[in-house]
Amino acid sequence: MRIGELAERTGTSRRLLRYYEEQGLLVPDRSANGYREYDDTLVDQVVRIRGLLAAGVPTKIIRQILPCLTEREIVQFSGTTEPILTALERERDQMSERIEFLTRNRDAITGYITAVKSQSRTGY
DNA sequence: ATTCTTACA
DNA sequence: TGTAAGCA
């Protein structure tokens with residue numbers, strides 16, 4: 001499929017798809033006319049890349065584990081080298097920290113909301 | 001009609 | 001990232 005279809009099927013702008021390619025996150029084929037040609041399996045690939053990006057994983061890491069998340073949702077252990085594994089563990093820990101950070105702030109906001117509501121009940 | 005690259009806001 | 005220009 002060409003970029004337009006992939007954009008629709010992944011909910012990603014064409015601009016961003018080209019940018020991902022520029023960052024080495026996507027490697028589409030090129031047809032004779034110069035148009036990018038994307039394999040069907042890349043639909044899931046893009047969705048997963050976006051998920052990692054949304055989770056705060058840097059493109060550098062994503063690029064490293066790219067061969068691991070190629071095709072299916074099953075990981076390809078063959079391409080998982082020692083340094084990549086180390087990078088992933090560090091990434092996981094940072095993710096945990098972000099989760100805790102978000103949890104604290106969510107609770108703080110909940111507390112604020114509760115306070116505001118109880119005040120509005122009491123009057124202005 | 002659709003995509004491509006380059007470049008600017 | 002969006003958008004515009006000028007091609008193919």
Side-chain angles (χ1 to χ4, degrees):
Chain A
M1 74 188 90
R2 290 179 314 196
I3 198 169
E5 188 181 339
L6 184 63
E8 284 185 41
R9 303 219 301 192
T10 62
T12 308
S13 69
R14 302 157 210 280
R15 175 75 170 83
L16 200 49
L17 288 174
R18 297 193 184 99
Y19 180 68
Y20 288 162
E21 178 181 353
E22 203 175 281
Q23 298 305 300
L25 269 35
L26 239 43
V27 190
D29 290 336
R30 291 282 183 157
S31 38
N33 55 19
Y35 287 9
R36 272 168 265 253
E37 192 59 35
Y38 299 89
D39 188 278
D40 286 10
T41 62
L42 288 182
V43 173
D44 295 310
Q45 175 101 296
V46 172
V47 172
R48 257 172 283 133
I49 287 176
R50 299 202 80 191
L52 292 171
L53 247 22
V57 178
T59 61
K60 181 196 173 191
I61 300 296
I62 297 178
R63 200 179 305 125
Q64 280 180 140
I65 65 177
L66 212 52
C68 303
L69 46 72
T70 292
E71 313 278 331
R72 342 251 170 269
E73 49 186 60
I74 301 174
V75 178
Q76 249 170 44
F77 298 105
S78 55
T80 309
T81 61
E82 212 46 50
I84 289 181
L85 192 59
T86 300
L88 284 179
E89 292 179 323
R90 196 181 64 244
E91 212 53 52
R92 178 205 54 193
D93 293 339
Q94 289 181 13
M95 221 180 273
S96 294
E97 284 180 38
R98 283 196 292 278
I99 289 174
E100 286 171 39
F101 174 79
L102 289 173
T103 298
R104 283 197 299 278
N105 285 98
R106 180 201 56 192
D107 293 346
I109 288 176
T110 296
Y112 176 74
I113 291 174
T114 300
V116 171
K117 285 186 175 177
S118 63
Q119 262 192 0
S120 59
R121 270 200 298 280
T122 306
Y124 292 86

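The figures that follow rest on heavy atoms only: side chains count, while hydrogens, waters and symmetry mates do not. Chain naming here is simple, since letters A, B, ... match the order of the sequence lines and numbering starts at 1 in each.
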Rounded off to whole Å, could you give me the CG-to-P distance for the A:Leu17 and B:dT2 pair?
16 Å

Would you mind classifying the nucleic acid contact of A:Arg18 as base, sugar-phosphate or nothing, using non-hydrogen atoms under 4.0 angstrom?
base

Atom CZ of A:Arg2 and atom P of B:dC4: how far apart are they, to the nearest Å?
9 Å

Would you check, one step at a time, whether the test side-chain contact (heavy atoms from CB on, under 4.5 Å) holds for A:Leu52 with A:Ile65?
CA-CA 11 Å; A:Leu52 292 171; A:Ile65 65 177; 3.9 Å; yes

Can you tell me the distance, in whole Å, between the OH atom of A:Tyr19 and the C1' atom of B:dC4?
19 Å

Between CZ of A:Arg14 and P of C:dG2 the distance, given in whole Å, is 11 Å

Among the clusters formed by ILVMFWY side chains lying less than 4.5 Å apart, do A:Met95 and A:Ile49 turn up in the same one?
yes

Please state how far atom CG in A:Leu6 lies from atom C1' in B:dT3, giving the value in whole angstrom units.
14 Å

Check the pair A:Leu25, A:Arg63 against side-chain contact (heavy atoms from CB on, under 4.5 Å), reporting the backbone distance first and the verdict last.
CA-CA 6 Å; A:Leu25 269 35; A:Arg63 200 179 305 125; 4.2 Å; yes

d(CD, A:Glu22; C1', B:dC4) in whole Å:
13 Å

Ranking C:dG2, B:dT3, C:dT1 by distance to the side chain of A:Arg50, first place goes to C:dT1

Of the nucleotides C:dT1, C:dG2, B:dT5, which has the atom closest to the A:Ser13 side chain?
C:dG2

For B:dA1, which nucleotide is its Watson-Crick or G-U wobble mate, given both distances must be under 3.5 Å?
none

Tell me the interatomic distance from A:Tyr35, atom OH, to B:dA1, atom P, rounded to whole angstroms.
13 Å

Do A:Arg36 and A:Leu17 have side chains that get closer than 4.5 Å, going by heavy atoms?
no

Check whether any side-chain nitrogen or oxygen of A:Arg36 sits under 4.0 Å from OP1 or OP2 of B:dT3, and answer yes or no.
no

Group every Ile, Leu, Val, Met, Phe, Trp and Tyr by side-chain heavy-atom contacts under 4.5 Å, then state whether A:Leu26 and A:Ile61 land in the same group.
yes

Scan nucleotides 6-9 of chain B against the protein and return all N/O pairs shorter than 3.5 Å with their distances rounded to 0.1 Å.
none

Smallest separation among heavy atoms of A:Ala87 and A:Gln64, with atom names
CB-NE2, 3.8 Å

Can you tell me how far C1' of C:dT1 sits from CD1 of A:Ile3, to the nearest Å?
13 Å

Evaluation steps, side-chain hydrogen bond (donor to acceptor under 3.5 Å, both in side chains), between A:Arg50 and A:Thr10:
CA-CA 9 Å; A:Arg50 299 202 80 191; A:Thr10 62; 5.8 Å; no

